[in-house]
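Encoded as structure tokens, the structure appears first; notes follow it.
Scope of the values below: all heavy atoms of this structure, side chains included, with no hydrogens, waters or symmetry mates. All residue numbers refer to positions in the sequence shown, counting from 1. What you see is a predicted model; the values in this text were computed from it and never measured.
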Amino acid sequence: MGSGCGFLDYDADGWQDILLINGMDWPGHQKQRSTLRLYRNNRNGSFTDVTRAAGLDLEMYGMGVAVGDYNNDGFPDILITCVGQNRLFRNTGKGSFVDVTQKSGLGGRQALSTSALWFDYDRDGLLDLFVCNYVKWSPEHDVFCSLDGKHKSYCTPEAYRGETSWLFHNRGDGTFEDVTARSGIFDSSSKALGVAMLDYDHDGWPDLLVANDTQPNKLYRNLQNGTFRDIGMDAGIALSTEGKARAGMGIDTGDFTNSGTAGIAITNFDNEMIGLYREVKKGVYEDISTQSGVGLASKNSLGFGCAFFDANLDGFLDLAVANGHIDDTVRNIRGNVGYAQPPQLFLNDGKGIFHDVAPEAGAEFAQSKVGRGVACGDFDRDGDVDLLITTNNGPAYLYRNNQSAGNHSIRFKLTGTKSNRDAIGAEIRIEAGGVTQSRMVKSGSSYLSQSELPVTFGVGKRDQIDRVVILWPSGRSEEFKNLSAGKVYECVEAQGIKALAGF
């Protein structure tokens, strides 16, 4: 099922580093040592493995990663989800990490955890933690499933009971409190694989979307009092258009229509199509995957990680999807579906139609692979967004975006003061030439993976934008006008904006 990956600037030098999550061999089946892998960006297109020096040379059955500065010290911390005990690593700020799982209060919980994200649900300036859990499973309670009655194969999730996701409140003293039950998040029927944040009702409080496998998807509306209510069914995202729960895997949110409201992408099993949702009236979504061109193109694929990003910097969000089956014998059963599958890159034409251009995006990119995680980040600081993809029992792939249309971008790196330091949950809106775009600073999304926190807008051939409005998680709003394209701007809450040197 795994595993994921992440872009993070762990040493705060302004360059995105890479973290790869790995599993480990089961007890009694040791064939190799497999640890996390942290790669420092050398600022010249290459990376150095610094796993051991960073204190991350540790074995665990890792699944996913969420990056966030939970103690507001200026250095990103990492939460690794696992089969078994999840692990929290605090960044020392000196190039290394310390395991604070037990000290933080996150210890003593065994589960099959998947995706996770950091967000400040009560807007107190401290990042809280949401963790997806899949099903109640352990080696001792494994169910034997078989396609031919002889050989063990993958079981559908229906073979196991669900497991609630978890919500942890940040106390501000380095510890977390489990508020799953009293927050309204508790749901033992969930089989959660992906989670994304958005502000679906535009009230300034972060809401959560959870992609469930064979169970209805959830939209947890933030009630602004420390509790949430699931309104997924009312919002139209819980089930397929036929009223069935699909096998939700990865999930992302993004304003792909430039309407000011985030749309939603959810990857599903083969023969189910990607769900692509846009708001049709306040708080209600419609699945437009078929008419958008995404549906039929994804019908024979099993999607995992997905991410909205503006690949060609034309001002409209595109969609990248990693595909790969879970059954390596699937071609014997279904001839048109393989185990390894090519990823997809859906370009948005700005008129509501997406075209899969993966075959034209480079021969290496289009090669079939057993894809899982997807993360986005501008690792070479050339202004366009690059892609990182992980595979099951195979290598990770880093794809540099050689955007050739001559389009420009403008990037923003936000630092909160009253808000959480990462400014996770902040909404950025830019206006240029009569077109308005919006993005949110996000943790989580995709599948088991974490994209970079700086935000990139494509502005086409424009040399500047007319204005940018930043809506901070604290409720503060700031506006700046006439900013030049081709630059990265650092904005510190209540302290103004400046272009960073060296870009």
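- Phe228 and Phe119 have tilted rings, their planes meeting at an angle from 30° to 60° on a 0 to 90° scale.
- Not one N or O on the side chain of Trp15 forms a donor-acceptor pair closer than 3.5 Å with the backbone of Asn42.
- Taking the side chain as every heavy atom from C-beta outward, Leu117 and Ser445 never approach each other to under 4.5 Å.
- No donor-acceptor distance shorter than 3.5 angstrom exists from the side chain of Asp422 to the backbone of Ile424, with no hydrogens or angles considered.
- Ion pairing between a basic and an acidic side chain is recognised when a charged N comes within 4.0 Å of a carboxylate O; Arg246 and Asp287 show such pairing.
- The main-chain N or O of Ile274 is found under 3.5 Å from a side-chain atom of Ser298 such that the two form a donor-acceptor pair.
- Judged by distance alone, the side chain of Asp9 and the main-chain N or O of Gly14 form a donor-acceptor pair under 3.5 Å.
- Residues Thr35 and Leu56 form no side-chain contact, since every pair of their non-hydrogen atoms from C-beta on lies 4.5 Å or further apart.
- When atom types are taken as modelled, the side chain of Asn212 and the backbone of Ala192 share a donor-acceptor pair closer than 3.5 angstrom.
- For Phe130 and Tyr121, the distance between ring centers is not under 6.0 angstrom.
- Not counting sequence neighbours, Arg278 has no partner by the salt bridge (Lys or Arg N to Asp or Glu O under 4.0 Å) test.
- When only modelled atom types and interatomic distance are considered, Tyr447 and Asp252 share no side-chain donor-acceptor pair under 3.5 Å.
- Side chain of Asn41 to main chain of Phe379: a donor-acceptor pair is present (N/O by atom type, distance under 3.5 Å, no hydrogens or angles).
- Contact annotation: the side chain of Val210 never approaches that of Gln215 to less than 4.5 Å [non-hydrogen atoms, C-beta and beyond].
- Judged as a salt bridge (Lys or Arg N to Asp or Glu O under 4.0 Å), and not counting sequence neighbours, the contacts of Arg109 are Asp178.
- Side-chain polar atoms of Tyr134 and Asp213 form a donor-acceptor pair below 3.5 angstrom.
- Heavy-atom neighbours of Asn393 CG from other residues, nucleotides or ligands within 6.0 Å: at or below the threshold of 12.
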#### Entry: Stepwise side-chain contact (heavy atoms from CB on, under 4.5 Å) check, Asp199 with Asp207
CA-CA 5 Å; Asp199 181 6; Asp207 310 300; 3.6 Å; yes
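- In this model, no donor atom of one side chain and acceptor atom of the other lie less than 3.5 Å apart for Ser34 and Glu59.
- Using a 4.5 Å heavy-atom threshold, the side chains of Phe304 and Thr390 count as separate.
- Taking the charged nitrogens against the carboxylate oxygens, Asp25 and Lys31 have no contact shorter than 4.0 Å, which rules out a salt bridge.
- Looking at Gln450, its side chain never comes within 3.5 Å of a backbone N or O of Leu8 through a donor-acceptor pair.
- Relative orientation of the His325 and Phe269 rings is perpendicular, given thresholds of 30° and 60° on the angle between their planes.
- For Asn217 (side chain) and Leu209 (main-chain N/O), no donor-acceptor pair under 3.5 Å exists by modelled atom type.
- Ring pair Tyr285/Tyr200 is tilted by interplanar angle, where 30° to 60° counts as tilted.
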### Query
What's the verdict on side chain to side chain donor-acceptor pair (under 3.5 Å) for Asp142 and Tyr160, showing C-alpha distance, side-chain angles and the deciding distance?
CA-CA 9 Å; Asp142 186 56; Tyr160 297 94; 3.2 Å; yes
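- Legend: salt bridge (charged side-chain N to carboxylate O under 4.0 Å, His left out) pairs involving residues 79-92, not counting sequence neighbours, sorted by first then second residue: Arg87-Asp99.
- For the pair Lys369 (side chain) and Gly394 (backbone), a donor-acceptor distance under 3.5 Å is absent.
- The neighbour count for Arg52 CZ, taken as heavy atoms of other residues, nucleotides or ligands under 6.0 Å away, does not exceed 12.
- For the pair Asn170 (side chain) and Leu126 (backbone), a donor-acceptor distance under 3.5 Å is absent.
- Around atom NZ of Lys152, more than 12 heavy atoms belonging to other residues, nucleotides or ligands sit under 6.0 Å away.
- Of the candidates Ser165, Ser113, Ser190, Ser113 is the only one forming a side-chain hydrogen bond (donor to acceptor under 3.5 Å, both in side chains) with Asn133.
- Side-chain atoms of Glu158 and Thr156 form a donor-acceptor pair, as typed in the model, at a separation below 3.5 Å.
- Here the side chains of Val441 and Val455 are in contact, with some heavy-atom distance below 4.5 Å.
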